[in-house]
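What follows is a single structure, written as structure tokens, with notes after it.
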Amino acid sequence: MFTTVTYQDYLGAQDQPTLLLEAVKRYKASRGFQHALEANCYFRGENTQVARKTILRARKIETRDAQGRRRVRSAAEDVVGNRIGSSFLFRFVTQQNQFLLSEGVSLPQEVKRRLGADFDHQLERLGERALLHGCAWGYWNADHIEVIEAARNSWSGFFPLLDEMTGEAMLGVQFWQLAADRPMYLRVFSQEGVTLMRQDGDGLTLMTPCQPYRRSLRRDALGETTRTEPGYGRLPLIPLRANSDGLSEFTPAIRAKIDAYDAILSDFADNLDRANDVYWVLNNFGGTMDDVAEMLEQINRVKAVANLSDGTGSGASAEPKTIEVPYAARRAALDLLERSLYQDYMALDMDALTGSSLTNVAIRVAAANLNLKADRYEWQVRQFITELLRLIGCPCENVRFKRQAIANESETVADIAVMRQDIDQETALRLNPYISDEHIPGLLHSAAPGSRADAE
């Protein structure tokens with residue numbers, strides 16, 4: 001969390017707009033902001049470490065001296081090689097986030113209606129940003145949630161000013177630019193409301209005065225009468241943390257292994273590029289290197305050469321050869337790093353679920369680590385939703401999540417048939433993965449005594 005500038009610094013500043021600009025500058029230079037940008041890059045499959053990789057290549061340099069004589073010397077230069085990035089971080093973050101939130105959050109109908117029709121989708125986006133950056137913020141804007149991320153690009157992000165005693169966010173600063181040569185805009189969230197400003201030179205120009213927060217209060221049981229009332233008594237900004245420490249899941253251990261994996265893969269591609277051509281071993285060849293070049297040019301053009309002799313009478317031959325690139329050690333290293341990445345992140349390797357491992361018991365064992373990690377993550381999401389519901393005046397303790405199920409459905413149906421003597425009709429229908437919850441009441445009604453189906 002950004003602590004270089006605090007809320008007390010803001011209160012004590014004689015020129016608060018200037019302090020906000022300085023805070024934005026310091027936040028952009030902070031390790032947290034840079035780490036968030038790097039996490040965004042790795043999430044897109046752009047390895048910033050491998051992107052700087054070059055390879056050393058020898059080349060021939062020809063020059064002429066003052067007398068016009070040709071001079072040839074060799075030199076080495078750095079050239080851009082293969083820069084192959086992997087998608088491990090995207091795979092891991094998406095798996096963890098969707099495993100918990102792909103089915104949305106289950107709440108009482110009247111409570112879910114208050115959160116807006118798009119709440120589940122916005123919660124997924126918020127969770128993804130939280131896992132990448134360590135913490136993302138949800139802004140409750142009257143009747144819907146807005147996702148505010150710590151770093152979108154090099155010119156856009158968000159940070160709170162914390163109270164030095166309590167650590168509570170007392171002020172929020174969101175900044176953005178379209179490009180480095182475009183003006184920067186600031187949206188400042190205070191206890192009283194939202195203020196919009198634009199940077200002009202070394203100062204800020206007020207664009208929109210402080211607008212009080214608005215909230216909707218439903219007065220009757222049907223929710224038909226709605227009255228708007230200003231203020232919440234606090235910032236309508238709620239943090240969603242990736243874990244109890246509020247740190248990114250893009251940890252140093254995960255990054256180091258991804259870097260090693262991408263570096264090995266990129267180097268292997270470089271070696272293939274260097275060794276993809278046939279080279280020739282010329283035996284008893286008395287010609288110059290210019291003669292060699294001419295001969296290879298003829299071979300490449302017509303795939304044949306008429307005479308390889310230099311005229312001395314000795315026998316000459318040309319033998320094509322290829323370079324075998326070492327493979328086994330690299331493959332073993334890549335496999336080891338991949339397994340280690342899945343273990344460190346506690347993710348589920350879907351490639352491991354093959355053959356005899358497709359039983360429900362084996363699937364549950366393979367997904368045990370993912371479930372344990374989702375347990376920790378669920379507490380953070382639950383805390384976010386609980387705090388949001390308390391903010392809008394609709395507290396609810398019945399917050400549930402339906403995790404994405406991974407199971408052998410044929411085996412599940414067979415188990416239901418075995419248990420059928422011990423469970424009722426409704427339980428059997430709910431356990432059946434091929435029957436959705438909304439169809440269960442109709443099936444129960446059609447199977448009830450006295451129904452048309454029963455009469456027939």
Side-chain angles (χ1 to χ4, degrees), residues 1-37 39 126 129-141 146-152 155-176 184-197 199 202-204 206 209-213 230-252 379-388 390-391:
M1 196 69 72
F2 179 66
T3 57
T4 306
V5 179
T6 65
Y7 183 61
Q8 277 72 17
D9 294 333
Y10 176 79
L11 293 178
Q14 295 182 351
D15 189 348
Q16 291 180 339
T18 300
L19 178 69
L20 290 178
L21 285 177
E22 178 63 23
V24 170
K25 181 180 178 181
R26 293 186 183 183
Y27 177 65
K28 286 182 177 180
S30 68
R31 178 62 190 136
F33 184 72
Q34 297 301 321
H35 185 274
L37 292 179
L126 189 67
R129 296 296 104 181
L131 292 174
L132 282 177
H133 303 155
C135 182
W137 296 79
Y139 166 45
W140 180 253
N141 191 355
E146 291 183 14
V147 178
I148 300 180
E149 48 192 302
R152 177 177 297 177
W155 315 292
S156 308
F158 170 86
F159 62 91
L161 296 185
L162 307 180
D163 185 278
E164 294 178 1
M165 183 175 70
T166 64
E168 182 183 357
M170 303 299 292
L171 196 81
V173 181
Q174 184 183 17
F175 59 94
W176 67 93
M184 180 175 67
Y185 295 88
L186 268 69
R187 186 162 64 157
V188 180
F189 301 89
S190 64
Q191 300 286 334
E192 295 76 23
V194 182
T195 304
L196 183 62
M197 293 179 277
Q199 183 180 17
D202 295 331
L204 288 173
L206 183 66
C210 184
Q211 300 291 320
Y213 302 114
Y232 292 97
R234 52 155 292 179
L235 280 180
L237 291 169
I238 303 172
L240 173 57
R241 297 178 174 86
N243 43 61
S244 57
D245 297 323
L247 299 177
S248 170
E249 293 293 345
F250 183 49
T251 62
W379 280 112
Q380 303 302 323
V381 181
R382 186 182 299 273
Q383 183 178 354
F384 169 83
I385 295 175
T386 301
E387 192 171 346
L388 173 61
R390 190 181 300 119
L391 173 73

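Everything numeric here is computed off the predicted structure, so don't read it as measured data.
You'll find the side chain of Lys28 stays beyond 4.5 Å of the side chain of Lys25, heavy atoms only. Taking the side chain as every heavy atom from C-beta outward, Leu186 and Gln199 never approach each other to under 4.5 Å. The shortest distance between side-chain heavy atoms of Arg26 and Val24 does not fall below 4.5 Å. In this structure, Ser248 and His133 have side chains that are not in contact, with every pair of non-hydrogen atoms separated by 4.5 Å or more. The shortest distance between side-chain heavy atoms of Arg129 and Leu132 falls below 4.5 Å. Side-chain atoms of Val5 and Tyr27, non-hydrogen and from C-beta on, never get closer than 4.5 Å to each other. The shortest side-chain heavy-atom distance between Leu391 and Arg234 falls under the 4.5 Å cut-off. The side-chain heavy atoms of Pro160 and Met1, taken from C-beta on, include a pair separated by under 4.5 Å.
Checked by atom type and distance alone, the side chain of Thr6 never pairs as donor or acceptor with a backbone atom of Asp163 at under 3.5 Å. Side-chain atoms of Asn243 come within 3.5 Å of backbone atoms of Asp245 as a donor-acceptor pair (strictly under, hydrogens ignored). Between the side chain of Gln16 and the main chain of Tyr10, a donor-acceptor pair closer than 3.5 Å is present.
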task = Please step through side chain to side chain donor-acceptor pair (under 3.5 Å) for the pair Tyr7 and Glu164, ending with a clear verdict.
result = CA-CA 7 Å; Tyr7 183 61; Glu164 294 178 1; over 6 Å; no
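Tyr213 and Ser190 make their closest contact through OH-O, 2.7 Å (heavy atoms, listed as atom of the first residue, atom of the second, distance). When all heavy atoms are compared, the tightest approach of Leu171 to Leu235 is N-CD1, 3.6 Å. Minimum interatomic distance between Leu162 and Gly167 (heavy atoms only, all atoms of both residues): CD2-O, 3.8 Å.
In this structure, Glu149 pairs ionically with Arg152, as a charged nitrogen and a carboxylate oxygen lie closer than 4.0 Å.
Checked against a 6.0 Å centroid threshold, the rings of Phe175 and Phe158 do not count as neighbours.
For Arg187, the CZ atom sits in a packed shell: over 12 heavy atoms of surrounding residues, nucleotides or ligands are nearer than 6.0 Å.
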